Each structure stands twice: as C-alpha cells, then as structure tokens.
Amino acid sequence: MSKVITRLMGGLGNQMFQYAAGHALARRLAVPLLLDRTFLDQRGPQVTWTPRHFELGVLRAPITFATEAEVRRARLELDDVQHRRWKRLLPMFFKDACFVERVRIHDPAFEQLTAPVYLDGYWQNERYFSDTAEALRHELFLPAAEPAPRNADLMEQMGSCVSASLHVRRGDYVSLPEAASFHGVCSVDYYQDSARWLVEQGVDHFFVFSDDPDWVKTNIDLPGPATHINHNTGAESHWDLFLMKHCRHHIIANSSFSWWGAWLGEPAGKIVVAPERWLAGSDAPDGIIPPTWITR
C-alpha cells in the first residue's frame with residue numbers, strides 16, 4: 001500500500017516539524033501518514049544524544065505508527081549495505097523510496113515526491129507545510145486535553161493585555177557539551193534589547209518561559225511587568241507551548257519549542273522576534289525563520 005512514513009527525532013517541537021511535513025505530503029498524495037518512532041525508542045550506551053520520547057500524543061493530531069517490519073522495508077536503502085550495493089550496480093531496477101533531508105533550506109525536490117516514500121530529516125521550514133497551515137493551527141496541533149484551571153486563567157490574562165511570550169532555552173544547550181557546541185544559547189542582550197523594543201511597540205506584559213527559571217530571574221532584567229511561568233513540568237511541560245500561543249507577540253529562543261509557540265498563534269498583527277544566530281557559529285538557516293518574523 002502506498003504511504004508516507006516520517007521518522008521522528010528530537011523533542012516535541014522537532015516531532016511537530018516532522019509530522020507537519022509528513023502530513024502535508026500525505027495529504028497532497030492522498031495516502032496514509034505513518035510515524036516511525038524507532039529512533040525515539042533507542043536506549044543504551046550507544047545513545048550519545050539527549051534521550052527523547054514520543055511526545056505527539058499531547059496533540060489532537062491523529063497518530064498511526066509504522067510497524068517495525070514497515071520501517072525495515074522502507075529504510076533498506078539507508079540501512080542495508082547489500083541493498084545499496086545492488087542499487088549502485090542496477091539502478092534501473094530500484095526506485096528511490098527514501099528522501100533524506102539534504103540541506104537546511106527548503107528543498108524543491110520535496111514537492112515532486114511520490115508514494116511510497118520514507119522521510120528522514122527535521123524539515124524545519126514552514127514551506128514544507130504551508131499548504132496545510134490552517135489545518136495545523138485549527139485542527140491538528142491543538143491540545144488533546146483541556147487546560148488545568150491555572151493555565152486557563154493565564155490564557156485569559158494573556159488575551160486581556162498586550163502580551164508577549166519570552167522563551168529562554170538552556171537545559172541541554174548548557175549541560176551537554178555536544179548540544180552546547182552545536183546550538184549555543186541566546187545572549188542576555190538579545191532578550192533585553194528585544195524586550196525593550198517590544199515595549200516601544202506597545203507590549204505591556206511579558207510572560208516568561210524557561211527550563212531554568214531561577215537563572216532567568218537572576219540574569220534577565222525586563223523593562224515591564226512580567227509573569228514567570230514555571231509550574232508546567234514533566235508530563236505537563238507541553239502546556240508552556242500552548243500558553244505561548246495565546247500571547248500577542250513573541251521573543252523566541254533558538255528552539256523549535258518556542259518556534260511552534262509563536263507560529264501557532266494567529267498570524268494577523270503579531271510580532272515575532274527570533275535570534276539572528278540560530279546555531280552556534282552560524283546564522284539562522286535560510287527558511288527556519290518565516291519572512292514575516294524579525295531577527296535580532
């Protein structure tokens with residue numbers, strides 16, 4: 001049966017990118033979307049990256065997993081040396097069934113894909129799913145459960161003022177050498193300068209999100225009233241993303257988590273400030289920052 005299988009990697013924000021690209025492609029081709037979670041399920045001494053779990057279950061998006069047999073068949077040309085050898089010798093008898101992300105910019109070859117196909121990449125570019133943006137915002141990427149009273153109250157507060165979310169990502173960006181050297185962290189100046197500029201645009205209240213709230217309170221001086229949100233922890237952490245969505249404007253980290261918090265908010269009139277340097281040692285990859293957002 002023709003299908004699209006997308007590989008899941010990383011945390012919730014990355015998994016949302018992978019789902020969004022797979023969903024858009026499967027919808028265009030009118031075939032089912034299956035999710036490969038085998039990478040997320042890996043554990044043991046061979047795992048040198050930040051361990052992750054399947055997190056898309058907190059969304060209303062329908063989920064169907066590929067079986068291990070389906071994943072093995074789909075990934076043959078990636079994982080099986082003998083298969084690759086025969087494909088090099090007799091390419092006319094082999095159809096490319098895997099599409100691996102080749103560049104960090106939008107790859108136009110994605111639009112020419114046919115099913116069956118296996119997607120292996122991060123797909124951090126809204127052009128991969130811009131055709132289904134309405135469905136993502138209003139049908140699929142909504143919370144599967146109702147908010148707790150405390151979160152519901154915060155949503156109301158965010159809607160009653162000129163609010164801005166501010167997300168500070170530290171965690172493994174600081175504690176793990178590999179993550180620190182690859183991602184880097186946004187500077188204090190980035191947050192403080194961006195916040196001052198948003199106050200000039202009319203923002204009158206900041207809602208601050210971080211995995212290191214004590215550090216933020218000690219080191220970032222905001223130019224207006226601020227509510228620091230630190231109660232959504234563990235299995236409830238995803239609620240921070242949905243709270244961000246309810247703010248009018250946004251200052252995001254170099255993090256797919258706050259990228260989605262900003263993107264899911266209604267587009268009309270919102271200001272999103274993103275870091276000019278998305279990865280350590282490089283500017284933001286072309287496409288990860290939508291053209292209507294501002295980099296500082």
Side-chain angles (χ1 to χ4, degrees), residues 4-29 31-37 40 52-65 106 110 119 121-148 151-152 154-155 158-159 163-165 167 169 207 209 229 232 234-270 272 274 287-293:
V4 172
I5 301 177
T6 187
R7 190 185 201 198
L8 298 181
M9 301 177 284
L12 176 59
N14 281 318
Q15 292 176 40
M16 289 169 72
F17 274 114
Q18 292 145 13
Y19 186 101
H23 169 264
L25 181 60
R27 178 169 162 171
R28 176 171 66 79
L29 299 176
V31 299
L33 170 65
L34 305 182
L35 307 181
D36 169 17
R37 60 178 290 168
L40 299 176
R52 298 293 190 181
H53 302 275
F54 173 74
E55 296 188 47
L56 293 177
V58 302
L59 305 174
R60 293 186 191 177
I63 302 297
T64 304
F65 293 114
H106 175 262
F110 187 91
L119 301 177
Y122 286 92
W123 319 113
Q124 292 179 337
N125 189 312
E126 69 171 349
R127 292 177 63 187
Y128 287 120
F129 47 84
S130 56
D131 289 347
T132 60
E134 190 75 6
L136 292 172
R137 282 193 175 98
H138 299 113
E139 299 172 29
L140 302 176
F141 286 175
L142 297 175
E146 292 299 314
N151 287 328
L154 283 166
M155 291 175 185
M158 291 166 175
S163 58
S165 72
H167 179 225
R169 168 71 187 273
F207 292 85
F209 303 84
I229 298 168
N232 292 315
E236 302 301 312
S237 297
H238 62 281
W239 279 106
D240 278 0
L241 187 153
F242 296 120
L243 288 176
M244 290 179 202
K245 168 188 168 179
H246 283 77
C247 289
R248 188 77 185 88
H249 306 297
H250 309 273
I251 301 172
I252 70 170
N254 54 336
S255 161
S256 58
F257 189 85
S258 51
W259 189 100
W260 280 106
W263 188 90
L264 286 174
E266 291 300 326
K270 75 180 173 187
V272 181
I288 194 168
I289 305 301
T292 56
W293 295 8

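Keep in mind it's a predicted model, so treat the numbers as computed, not measured.
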Going by salt bridge (charged side-chain N to carboxylate O under 4.0 Å, His left out), name the pairs with one or both residues in residues 246-258, residues two or more places apart or in two chains. none
Which heavy-atom pair separates Val272 from Ala262 by the least distance, and what is that distance? CG1-CB, 3.9 Å
Side chain to side chain donor-acceptor pair (under 3.5 Å) against Ser165, all qualifying residues, sequence neighbours excluded: His250
How long is the gap from OG on Ser163 to CE on Met155, to the nearest 0.5 Å? 12.0 Å
Contact summary for Leu119 and Gly22, nearest pair of heavy atoms: CD1-CA, 3.9 Å
Applying side chain to side chain donor-acceptor pair (under 3.5 Å) as the test, list every pair that has at least one member in residues 257-268; sequence neighbours left out. Glu126-Trp263, His138-Glu266, His167-Ser258
Give a yes or no on whether the backbone of Ala24 and the side-chain of Thr132 come within a donor-acceptor separation of less than 3.5 Å. no
Derivation and outcome, side-chain contact (heavy atoms from CB on, under 4.5 Å), residues Phe207 and Leu154: CA-CA 9 Å; Phe207 292 85; Leu154 283 166; 4.2 Å; yes
Please find the pair of heavy atoms, one from Gly57 and one from Ala144, that lie closest to each other, and give the distance. O-CB, 4.0 Å
Between atom CG of Leu40 and atom CZ of Arg52, what is the distance when rounded to the nearest 0.5 Å? 9.5 Å
By side-chain contact (heavy atoms from CB on, under 4.5 Å), Pro267 pairs with (sequence neighbours left out) Arg137
Quick one: side-chain contact (heavy atoms from CB on, under 4.5 Å) partners of Leu142, sequence neighbours excluded? Arg60, Lys245
May I ask you to check whether Phe209 and Phe257 place their ring centres under 6.0 Å from each other? no
Do you know which two heavy atoms are closest between Pro62 and Leu140, and how far apart they sit? CD-CD2, 3.6 Å
I need the minimum non-hydrogen distance between Ala274 and Trp293, along with the two atoms involved. CB-CE3, 4.5 Å
Test side-chain contact (heavy atoms from CB on, under 4.5 Å) on Thr6 and Leu25 and set out the steps. CA-CA 10 Å; Thr6 187; Leu25 181 60; over 6 Å; no
Taking ring-ring contact (aromatic ring centres under 6.0 Å, His included) as the criterion, tell me which of Phe110, Phe17, Phe129 meets it with Trp123. Phe110
Are Met16 and Leu59 packed together at the side-chain level, in the sense that at least one heavy-atom pair is separated by less than 4.5 angstrom? yes
For the CG atom of Asn14 and the CD atom of Glu55, what is their distance to the nearest 0.5 Å? 10.0 Å
Let me confirm one number: the CG-CD1 distance from Asp36 to Ile5, rounded to the nearest 0.5 Å. 7.0 Å
Once rounded to the nearest 0.5 Å, what's the spacing between atom NE2 of His106 and atom CG of Asn125? 6.0 Å
Kindly state each residue pair satisfying salt bridge (charged side-chain N to carboxylate O under 4.0 Å, His left out) with at least one member in residues 6-17, sequence neighbours excluded. Arg7-Asp120
Find the distance between CD1 (Ile289) and CD (Gln124) and round it off to the nearest 0.5 Å. 9.5 Å
